[in-house]
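Some notes on the structure that comes next.
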Amino acid sequence: MMKLNGKSFVKSFPHPQDKMNARRKSYSIEYKEGMVEESLGKNLIAFCKEKKLDLRMVRKWRADYDKLSQQVEKGNAKKCECGLGRQPLFSELEDVICEWVADRRAKALVVHKTDIQAFALANAPQFGIFP
């Protein structure tokens, strides 16, 4: 408790995890491009407060503006580029595992990571894979 001008009050600080619990937002490329175009020629700090956007995020959008507009022109504004991410070493085995997991989930059975590993190890020799 603190005293100021003879009045006592409790000073409260926001909990550090309050920010961490906020859900991360996702914006489409068209929205980002529109916000960049709308923010040009305006005070960026005031613009971000008005639109309730993070200043660093809008600055990054401005820096990536050429890339954003190219993606909108190509028509793949909402699509992820194919072939990105880690590729499976044994795609045939991966397909069998995916079908097995889908079948188990369709039967309302729980599939654990250890179950998937055991299934993969049991079926690996069929594909010439020896652990």
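Model, not experiment: these values are computed from the prediction.
Note: the hydrophobic cluster containing Leu40 does not contain Leu53 (ILVMFWY, side chain heavy atoms under 4.5 Å, direct or indirect links). When the side chains of ILVMFWY residues are joined at heavy-atom separations under 4.5 Å, either directly or via intervening members, Met57 and Ile45 end up in a single hydrophobic cluster. When hydrophobic clusters are built by joining Ile, Leu, Val, Met, Phe, Trp and Tyr residues whose side-chain heavy atoms come closer than 4.5 Å, directly or via intermediates, Leu121 is not grouped with Phe90.
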Does the pair Ile97 and Val101 meet the rule for a side chain to side chain contact (heavy atoms under 4.5 Å, CB included), with working shown?
CA-CA 6 Å; Ile97 294 169; Val101 170; 4.2 Å; yes
Go through the steps for Lys42 and Glu50 under the test salt bridge (charged side-chain N to carboxylate O under 4.0 Å, His left out), then give the verdict.
CA-CA 11 Å; Lys42 295 183 180 179; Glu50 175 189 330; 5.6 Å; no
Passes side chain to side chain contact (heavy atoms under 4.5 Å, CB included), Glu33 versus Trp61? Steps please.
CA-CA 8 Å; Glu33 184 183 36; Trp61 292 351; over 6 Å; no
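A pairwise comparison of heavy atoms in Val110 and Asp115 identifies O-OD2, 4.0 Å as the closest pair. Residues Ser39 and Arg62 share a closest heavy-atom pair of O-NH2, 2.8 Å.
Taking CG of Asp64 as the reference point, atom CZ of Arg59 lies at 14.5 Å (rounded to 0.5 Å). Taken to the nearest 0.5 Å, the CG atom of Leu89 stands 10.0 Å off from the CD atom of Gln87. To the nearest 0.5 angstrom, Lys113 atom NZ is 9.5 Å from Ile116 atom CD1.
Met35 has its side chain out of reach of Val58: every pair of non-hydrogen atoms, C-beta onward, lies at least 4.5 Å apart. Contact of the Gln117 side chain with the His112 side chain is not registered, since no non-hydrogen atoms from C-beta on lie closer than 4.5 Å. Lys32 places none of its side-chain heavy atoms less than 4.5 Å from the side chain of Tyr65.
Here the side chain of Asn123 pairs no donor or acceptor atom with the backbone of Ala120 at under 3.5 angstrom.
Between Phe119 and Trp100, the ring planes are parallel. Angles under 30° get that label, and only those over 60° would be called perpendicular.
Remark: Lys107 does not engage Asp103 in a salt bridge, criterion side-chain N to carboxylate O under 4.0 Å.
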